[in-house]
Peer 1: 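What follows is a structure written as structure tokens; I'll ask about it next.
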2 protein chains.
Amino acid sequence: MLSKKTKYGIKALTFLAKQENKSPVQIATISKSENISLKFLESILLTLRKNGFLGSKKGKGGGYYLLKEPKDIKMTEIMRVLEGPIAMVPCVSLNFYEKCDDCPDENLCAIHSLMIEVRDSTLKIFRNTTLADLCKC
Amino acid sequence: MLSKKTKYGIKALTFLAKQENKSPVQIATISKSENISLKFLESILLTLRKNGFLGSKKGKGGGYYLLKEPKDIKMTEIMRVLEGPIAMVPCVSLNFYEKCDDCPDENLCAIHSLMIEVRDSTLKIFRNTTLADLCKC
DNA sequence: TGCATACTCTATTAAACTAATAGGGTAATA
DNA sequence: TATTACCCTATTAGTTTAATAGAGTATGCA
């Protein structure tokens with residue numbers, strides 16, 4: 001299940017991507033437009049800034065702005081920063097691998113290969129989708 | 001992220017599917033073999049019984065057994081009973097639909113169509129996988 | 001310089017969910 | 001009739017999520 005953090009983060013990113021000019025947008029503006037708790041959004045935008053998606057400007061006329069072109073921001077990157085692993089189980093995660101406590105041997109686990117299949121099909125979609133694609137509706 | 005409930009449930013089902021004969025298997029047997037907390041497994045098997053996957057027999061020589069052939073049990077059914085929705089957001093769920101609080105119009109939501117795409121690709125896999133497929137490793 | 005603006009950061013909290021545990025109850029069988 | 005093994009309810013510890021509060025800091029402009 002997608003967390004609200006991720007959902008709000010994606011909505012904020014698309015909001016910024018839709019801006020005509022590249023001037024900074026205030027948190028409050030996004031918060032109101034997208035119906036997102038201001039303080040919660042604040043922390044989300046902060047992590048997006050710390051992870052190189054957004055730049056920020058303080059003071060009057062300040063706000064957040066995209067650092068890259070929407071077409072150059074892949075969904076895989078966004079998902080991994082906001083949501084974490086894309087895989088349904090840590091033992092098939094590419095970037096957040098963790099061994100299962102209960103499995104003595106992953107290769108004998110019935111779920112393992114199925115979860116790899118699901119991971120790959122989801123990855124395929126996220127790799128082929130950019131922020132620019134999300135703005136086309 | 002797949003819950004342990006679902007993971008344990010699938011493991012228990014495959015364990016039962018692997019049995020040569022169809023005689024009942026005790027909870028304790030599955031619990032030990034698969035490293036699952038006995039009491040937790042108990043409640044999982046109970047929901048699987050209530051949802052028509054398993055039959056049970058009380059008293060000496062009792063236990064749980066599959067009601068259908070492994071090849072006739074689809075992953076979609078198992079997932080929906082144990083894990084709930086397959087979709088990442090309730091607003092694109094086929095069986096557990098819920099409207100989003102923050103979206104005034106789903107069709108204008110940037111995430112909506114992407115999540116439908118992910119749901120469909122995952123569904124495709126789960127629909128084409130049965131319990132029998134999980135036992136082949 | 002001084003003030004308003006708007007991001008920065010830490011801490012806290014309520015609610016929900018997950019995973020596990022405890023313990024008594026009941027049906028079936030030998 | 002005693003034993004076995006499922007049945008059911010309640011409770012709890014731990015974790016995560018979502019939101020809130022409030023003080024701090026950098027910036028730009030008059």
Side-chain angles (χ1 to χ4, degrees), chain A residues 1-12 16 23-51 53-67 81-85 88-90 96 98 100-102, chain B residues 1-12 16 23-51 53-67 81-85 88-90 96 98 100-102:
Chain A
M1 191 66 46
L2 203 71
S3 68
K4 296 216 167 174
K5 180 183 172 187
T6 306
K7 194 183 173 193
Y8 292 165
I10 297 174
K11 284 196 169 189
L16 290 174
S23 58
V25 178
Q26 294 170 33
I27 304 177
T29 307
I30 306 176
S31 160
K32 279 171 200 157
S33 169
E34 302 292 322
N35 297 309
I36 305 171
S37 150
L38 189 126
K39 282 296 200 174
F40 192 22
L41 179 60
E42 207 177 279
S43 73
I44 296 168
L45 295 182
L46 207 56
T47 55
L48 286 173
R49 187 189 63 92
K50 285 182 179 168
N51 283 278
F53 292 92
L54 301 178
S56 66
K57 204 181 161 191
K58 287 186 180 177
K60 197 167 188 177
Y64 281 99
Y65 52 91
L66 283 179
L67 284 180
V81 163
L82 293 176
E83 188 76 4
M88 292 185 83
V89 279
F96 299 85
E98 252 178 77
C100 295
D101 299 329
D102 52 310
Chain B
M1 191 66 47
L2 203 72
S3 68
K4 296 219 169 174
K5 182 182 172 188
T6 306
K7 194 182 173 194
Y8 292 165
I10 297 174
K11 284 196 169 190
L16 291 173
S23 58
V25 179
Q26 295 170 32
I27 303 177
T29 307
I30 306 176
S31 160
K32 280 171 200 158
S33 168
E34 302 294 321
N35 299 309
I36 304 171
S37 149
L38 189 124
K39 281 297 199 174
F40 192 23
L41 180 60
E42 207 177 281
S43 72
I44 296 168
L45 295 181
L46 206 57
T47 55
L48 286 173
R49 186 189 64 92
K50 285 180 179 169
N51 283 279
F53 292 93
L54 302 178
S56 66
K57 205 181 162 191
K58 288 183 181 179
K60 195 168 189 176
Y64 281 99
Y65 52 91
L66 283 179
L67 284 179
V81 164
L82 294 176
E83 189 75 6
M88 292 185 85
V89 279
F96 300 84
E98 251 177 77
C100 295
D101 299 330
D102 52 311

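Since the model is a prediction, treat every value here as computed from it, not as a measurement. Naming: A, B, ... by sequence-line order, numbering from 1 per chain.
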Peer 1: Could you pull out the closest heavy-atom pair between A:Ala12 and A:Leu41, with the gap in Å?
Peer 2: CB-CD1, 4.0 Å
Peer 1: Expressed as a whole number of angstroms, how long is the span from B:Lys60:NZ to D:dT3:P?
Peer 2: 10 Å
Peer 1: For a quick test of reading the model: is some side-chain N or O of A:Ser37 closer than 4.0 Å to OP1 or OP2 of D:dT20?
Peer 2: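 For D:dT20, OP1 or OP2 has a side-chain N or O of A:Ser37 closer than 4.0 Å.
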Peer 1: Can you see if the side chain of A:Ser43 gets near the phosphate of C:dC9 - specifically, an N or O under 4.0 Å from OP1 or OP2?
Peer 2: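 Checking C:dC9 against A:Ser43, no side-chain N or O comes under 4.0 Å of OP1 or OP2.
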Peer 1: Distance-only, no hydrogens or angles: does the A:Ser56 side chain make a donor-acceptor pair with backbone N or O of A:Tyr64 under 3.5 Å?
Peer 2: no
Peer 1: Measure CD1/A:Ile44 against P/C:dT8 and give the value in whole Å, please.
Peer 2: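 Distance check: A:Ile44 CD1 to C:dT8 P gives 14 Å.
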Peer 1: Is the shortest heavy-atom distance from the side chain of B:Cys100 to the side chain of A:Lys7 under 4.5 Å?
Peer 2: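 Heavy-atom side-chain distance check passes, below 4.5 Å.
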Peer 1: Heavy-atom nearest nucleotide on DNA chain D for A:Ile36 versus A:Gly59: which residue maps closer to 5'?
Peer 2: A:Ile36
Peer 1: Is there a donor-acceptor pair closer than 3.5 Å between any side-chain N or O of A:Ser33 and the backbone N or O of A:Ile30?
Peer 2: no
Peer 1: For residues B:Leu67 and B:Leu54, determine if any side-chain heavy atom of one lies less than 4.5 Å from a side-chain heavy atom of the other.
Peer 2: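 Result no, sub-4.5 Å side-chain heavy-atom pair not found.
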Peer 1: Quickly work out the B:Lys4 NZ to C:dT21 C1' distance and round it to whole Å.
Peer 2: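 So the NZ-C1' distance, B:Lys4 to C:dT21, works out to 15 Å.
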Peer 1: Could you tell me how far apart B:Leu46 (CG) and D:dA5 (P) are, to the nearest whole angstrom?
Peer 2: 17 Å
Peer 1: Under 3.5 Å, which protein N or O atoms sit close to an N or O of nucleotides 10-14 of chain D? Give each pair with its distance.
Peer 2:
none

Peer 1: State, to the nearest 10°, the angle formed by the axis through the first five base pairs of the helix from C:dT1-D:dA30 to C:dA30-D:dT1 and the axis through its last five.
Peer 2: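 One end's axis against the other's: 10°.
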Peer 1: Please find the pair of heavy atoms, one from A:Pro24 and one from A:Gly62, that lie closest to each other, and give the distance.
Peer 2: CB-C, 3.6 Å
Peer 1: Please list, pair by pair, any protein nitrogen or oxygen found under 3.5 Å from a nitrogen or oxygen in nucleotides 22-25 of chain D.
Peer 2:
from, atom 1, to, atom 2, distance (Å)
D:dG22, N7, A:Lys39, NZ, 3.4
D:dG22, O6, A:Lys39, NZ, 2.2

Peer 1: Does the side chain of A:Leu82 reach to within under 4.5 Å of the side chain of A:Asn51, using non-hydrogen atoms?
Peer 2: no
Peer 1: Please step through side-chain contact (heavy atoms from CB on, under 4.5 Å) for the pair B:Met1 and A:Val89, ending with a clear verdict.
Peer 2: CA-CA 6 Å; B:Met1 191 66 47; A:Val89 279; 5.5 Å; no
Peer 1: Indicate whether OP1 or OP2 belonging to C:dA20 is found under 4.0 Å from a side-chain N or O atom of B:Tyr8.
Peer 2: yes
Peer 1: Does a side-chain N or O from A:Ser56 land closer than 4.0 Å to OP1 or OP2 of C:dA6, or not?
Peer 2: no
Peer 1: Tell me: CG of B:Leu82 to P of C:dT18, nearest whole Å?
Peer 2: 12 Å
Peer 1: Among the nucleotides D:dT20, C:dA20, D:dA5, which one has an atom lying closest to any side-chain atom of A:Phe40?
Peer 2: D:dT20
Peer 1: Below 4.5 Å, heavy atoms only, C-beta onward: do A:Val25 and A:Leu16 meet side chain to side chain?
Peer 2: yes
Peer 1: Less than 4.0 angstrom between a side-chain N/O of B:Tyr65 and OP1 or OP2 of D:dA5, yes or no?
Peer 2: no
Peer 1: Examine distances only and state if a side-chain atom of B:Glu83 and a backbone atom of B:Ser3 form a donor-acceptor pair shorter than 3.5 Å.
Peer 2: yes
Peer 1: Between atom CG in A:Asn35 and atom C1' in D:dA18, what is the gap in whole Å?
Peer 2: 16 Å
Peer 1: Set out, in order, the CA-CA distance, both residues' side-chain angles and the distance that settles side-chain contact (heavy atoms from CB on, under 4.5 Å) for B:Lys4 and A:Asp102, then state yes or no.
Peer 2: CA-CA 10 Å; B:Lys4 296 219 169 174; A:Asp102 52 310; 5.6 Å; no
Peer 1: What integer distance in Å separates B:Lys11:NZ from C:dA19:P?
Peer 2: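 About 14 Å, once rounded to whole Å.
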Peer 1: Looking only at heavy atoms, which two atoms of B:Ser31 and B:Ser37 are closest? And how far apart?
Peer 2: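 That would be OG-C, 4.3 Å.
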Peer 1: Locate the shortest heavy-atom distance separating A:Gly84 from A:Phe96; write the atom from each residue and the value.
Peer 2: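 Taking every non-hydrogen atom into account, C-CE1, 3.5 Å.
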Peer 1: Under 4.0 angstrom, heavy atoms only, what part of the nucleic acid is A:Leu45 near: base, sugar-phosphate, or nothing?
Peer 2: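 No contact at all - A:Leu45 keeps every heavy atom at 4.0 Å or more from the nucleic acid.
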Peer 1: I need the OH-C1' distance between A:Tyr64 and C:dA6, as an integer number of Å.
Peer 2: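 My rounded result for the distance is 9 Å.
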Peer 1: Under 4.0 Å from OP1 or OP2 of C:dA6: is there any side-chain N or O of A:Arg49 that close?
Peer 2: no
Peer 1: Look at all strands and tell whether B:Lys50 reaches a base, only sugar-phosphate, or nothing, counting heavy atoms closer than 4.0 Å.
Peer 2: sugar-phosphate
